[in-house]
Number of protein chains: 2
Amino acid sequence: MYKSTYHIFFSNLANPLRIKIISCLKEKARSVSELSQKIEEEQSKVSHALASLKSCNIVEAEQKGKQRIYSLNKKTILPILKLIDNHAQTFCGSKCVSCEICV
Amino acid sequence: MYKSTYHIFFSNLANPLRIKIISCLKEKARSVSELSQKIEEEQSKVSHALASLKSCNIVEAEQKGKQRIYSLNKKTILPILKLIDNHAQTFCGSKCVSCEICV
DNA sequence: TATACATATGAATAGAATTTCATACAAGTA
DNA sequence: TACTTGTATGAAATTCTATTCATATGTATA
């Protein structure tokens, strides 16, 4: 089936590790090994995940000596995350029973 | 691994059929069979997809006789799609080579 | 209540994405 | 140039997700 922009984009974000990385990069730009340590995941996993995020311009990289420093492209991501936060709050207050989001 | 709100939400959207359905519901609310015809997909696939979308409150359903009419919760989804459109435009103008989004 | 139409559901299978691990590459330093 | 450190990559193995299809449920109507 045809892969739309949306599908590519959402698939990229639909992954716990990549979300973790995004959260970690919200704070500040970091190298691969820094990220790897901080979130306690293997270097190669982190590299794969970063490559994926980069392929959608969700992060960008800058070489600095031996290290590659990744930073978050905040313009798109932060507002999206905010919208989801609001969504979750609206639909998953104390009363929510059915919604998967707050299980 | 822990499933965050974000992960659940994005996973739900990371699917071509569900995106198709969302697009179709932008226009107006529709029944399952209407959707099924319109997007030329099997009824049971559409039902499964709708159940998934509903579990995150992305769509809601209203019974109307034998039919169940699904409508899009536009408040969250439309602005997210717009952000992605802008993102794609910004990063994938005519010059874009590497980005998966515009391949 | 028997029938038809609309939708939902469960479970097996098929398909896709992730993890893992060995290894390659790249940049700096002795 | 050999060595070390940091990062990327490929491919097999694993895990996750979607599709399929048979069937169940739910709603109306003859």
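The sequence lines fix the lettering, A, B, ..., with proteins before strands; numbering per chain opens at 1.
Proximity note for A:Arg18 (side chain, C-beta onward) versus C:dG28, C:dT18, D:dT7: the nearest is C:dT18. With D:dG6, C:dT20, C:dA8 as the choices, the nucleotide that has an atom nearest any side-chain atom of A:Glu42 turns out to be C:dT20. For A:Ser44, the side-chain atoms get nearest to D:dT9 when compared with the rest of C:dG28, D:dT9, D:dT7. The nucleotide whose nearest atom lies closest to any side-chain atom of A:Arg68 is, among C:dA6, C:dT20, D:dT7, D:dT7. Comparing D:dG6, C:dA6, D:dT9 by their closest approach to the side chain of B:Ser33 singles out C:dA6.
When the P atom of C:dT18 is taken as reference, atom NZ of A:Lys20 falls 15 Å away, rounded to whole Å. Atom CZ in B:Phe10 sits roughly 17 Å away from atom P in C:dA17 (whole-Å rounding). Per the geometry, NZ belonging to A:Lys66 stands 14 Å off P belonging to D:dA8, to the nearest Å. Atom C1' of nucleotide C:dC5 and atom NZ of B:Lys64 are separated by 17 Å, given to the nearest angstrom. In this structure, CZ of B:Arg30 is placed 18 Å from C1' of C:dT7, rounded to the nearest angstrom. Per the geometry, CD belonging to B:Gln67 stands 13 Å off P belonging to C:dC5, to the nearest Å. In this structure, the CD atom of B:Glu62 is 18 Å from the P atom of C:dA6, given to the nearest Å. Atom pair A:Ile8:CD1 and C:dA16:P shows a separation of 15 Å (rounding to whole Å applied).
OP1 or OP2 of C:dT20 sits under 4.0 Å from a side-chain N or O of A:Lys45. Between B:Ser31 and C:dT7 there is a side-chain N or O to OP1 or OP2 distance below 4.0 Å. At the phosphate of C:dT18, OP1 or OP2 sits under 4.0 Å from a side-chain N or O atom of A:Asn15. Between B:Tyr70 and C:dA6 there is no side-chain N or O to OP1 or OP2 distance below 4.0 Å.
The number of heavy-atom neighbours closer than 6.0 Å to CD of A:Glu40, taken from other residues, nucleotides and ligands shown, is 12 or below.
When the nearest nucleotides of DNA chain D are assigned to B:Gly65 and B:Ala14 by heavy-atom distance, the more 5′-ward of the two goes with B:Ala14.
Taking the side chain as every heavy atom from C-beta outward, A:Tyr6 and B:Leu13 never approach each other to under 4.5 Å.
For the residue pair A:Gln37 and A:Ser33, no side-chain donor N or O sits within less than 3.5 Å of a side-chain acceptor on the partner.
Below the 3.5 angstrom threshold, one finds a donor paired with an acceptor across the side chain of B:His48 and the base of D:dT20. Contact of A:Gln43 with D:dA8 (side chain to base): a donor-acceptor pair of N or O atoms is detected under 3.5 Å.
Between the side chain of A:Glu34 and the main chain of A:Ser31, a donor-acceptor pair closer than 3.5 Å is present.
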Worked check of side-chain contact (heavy atoms from CB on, under 4.5 Å) between A:Ile84 and B:Ile80: CA-CA 9 Å; A:Ile84 296 174; B:Ile80 288 180; 4.0 Å; yes
